Amino acid sequence: MVYEPAGRHVVFTGRAVQEAFAAVMTEAGGSLATWVVLSALSDVGIVSQAELASHVHLEGATITHHIDRLEAAGLVERKADPKDRRVRRLELTPAGEELHTRLLDAAAAFNSKLNEGLSERDLATLRRILARMQANLSGD
């Protein structure tokens with residue numbers, strides 16, 4: 001039996017999951033980035049671009065690129081904040097809500113396929129192990 005470090009296995013599995021999920025999002029009419037932004041806006045409601053960037057853990061320039069693209073596609077809208085004209089608030093348009101619903105359905109189907117054959121106990125153990133590994137990396 002060949003020894004395979006756990007970290008290597010986690011990295012390659014994570015990459016495979018990300019690539020498969022991105023393909024599912026594309027097939028459903030979006031992208032991984034579209035899913036991240038639309039889901040965040042759906043979760044937190046109308047927010048500023050800075051708040052959204054913080055929520056999804058992206059840099060300002062990166063989120064600006066995604067928002068520009070989604071706005072051009074009619075999926076999000078920037079509006080002036082009534083309390084501070086310097087701040088632009090983001091919200092989903094009806095088309096953005098419709099795409100988010102479609103992507104959410106595709107994500108749920110993907111998750112079901114990914115978790116096939118795993119019990120709730122297996123998934124709880126996996127979450128606990130991954131959280132421990134992440135904590136190990138951050139020094140907690």
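None of the values given here were measured: they were computed from a predicted structure.
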*Which pairs with one or both residues in residues 10-29 pass side-chain hydrogen bond (donor to acceptor under 3.5 Å, both in side chains), sequence neighbours excluded?*
none
*Residue pairs fulfilling side-chain hydrogen bond (donor to acceptor under 3.5 Å, both in side chains) with at least one residue in residues 101-110, sequence neighbours excluded*: E98-R102
_Close side-chain approach of V37 to I63, heavy-atom, < 4.5 Å_ = yes
_K79 vs E91 side-chain heavy atoms within contact, under 4.5 Å_ = yes
_Treating D122 as the side-chain partner and S119 as the backbone partner, does any N or O pair qualify as donor plus acceptor under 3.5 Å?_
yes
*Polar side-chain atom of S138 near backbone of A135 as donor-acceptor pair, under 3.5 Å*: yes
*Taking the side chain as every heavy atom from C-beta outward, state whether R78 and E71 have any pair of such atoms under 4.5 Å apart.*
yes
*Other hydrophobic cluster members with L137, side-chain heavy atoms of Ile/Leu/Val/Met/Phe/Trp/Tyr under 4.5 Å, chained?*
none
*Do L32 and V11 share a hydrophobic cluster (ILVMFWY, side-chain heavy atoms under 4.5 Å, transitive)?*
no
_Where at least one partner belongs to residues 112-140, residue pairs that pass ring-ring contact (aromatic ring centres under 6.0 Å, His included), sequence neighbours excluded_ = none
Got a list of side-chain donor-acceptor pairs under 3.5 Å for residues 51-58, not counting sequence neighbours?
from: E51; atom 1: OE1; to: S48; atom 2: N; distance (Å): 2.7
from: E51; atom 1: OE1; to: S48; atom 2: OG; distance (Å): 3.3
from: E51; atom 1: OE1; to: R89; atom 2: NH1; distance (Å): 3.4

_All side-chain contact (heavy atoms from CB on, under 4.5 Å) counterparts of A95, not counting sequence neighbours_ = L75, T93
*N/O donor-acceptor pair under 3.5 Å between S42 side chain and L38 backbone*: no
*asked:* Going by the rule side-chain contact (heavy atoms from CB on, under 4.5 Å), which residues pair with A72 if we only count those two or more places apart in sequence or in a different chain?
replied: none
*Are V44 and L103 in one and the same hydrophobic cluster, where Ile, Leu, Val, Met, Phe, Trp and Tyr link if side-chain heavy atoms are under 4.5 Å apart?*
yes
*Could I get the full list of side-chain contact (heavy atoms from CB on, under 4.5 Å) partners for L126, not counting sequence neighbours?*
L130
*asked:* If hydrophobic clusters are built by linking Ile, Leu, Val, Met, Phe, Trp and Tyr wherever their side-chain heavy atoms come under 4.5 Å apart, do L114 and I129 end up in the same one?
replied: no
*Got Q49 and L90 here, is their nearest side-chain heavy-atom distance under 4.5 Å?*
yes
*Summary of ring-ring contact (aromatic ring centres under 6.0 Å, His included) pairs that have at least one residue in residues 75-115, sequence neighbours excluded*: F21-F110, W35-H100
*What residues, two or more places apart in sequence or in another chain, satisfy side-chain contact (heavy atoms from CB on, under 4.5 Å) together with R69?*
S31, A33, T34, H66
Listed pairs under 3.5 Å, donor-acceptor, residues 1-10 side chains, sequence neighbours left out:
from: E4; atom 1: OE2; to: H9; atom 2: ND1; distance (Å): 2.9

*So which heavy atom on M25 is nearest to which on A107, and how close?*
CE-N, 3.7 Å
_Show every ring-ring contact (aromatic ring centres under 6.0 Å, His included) that has at least one partner inside residues 111-140, sequence neighbours left out._
none
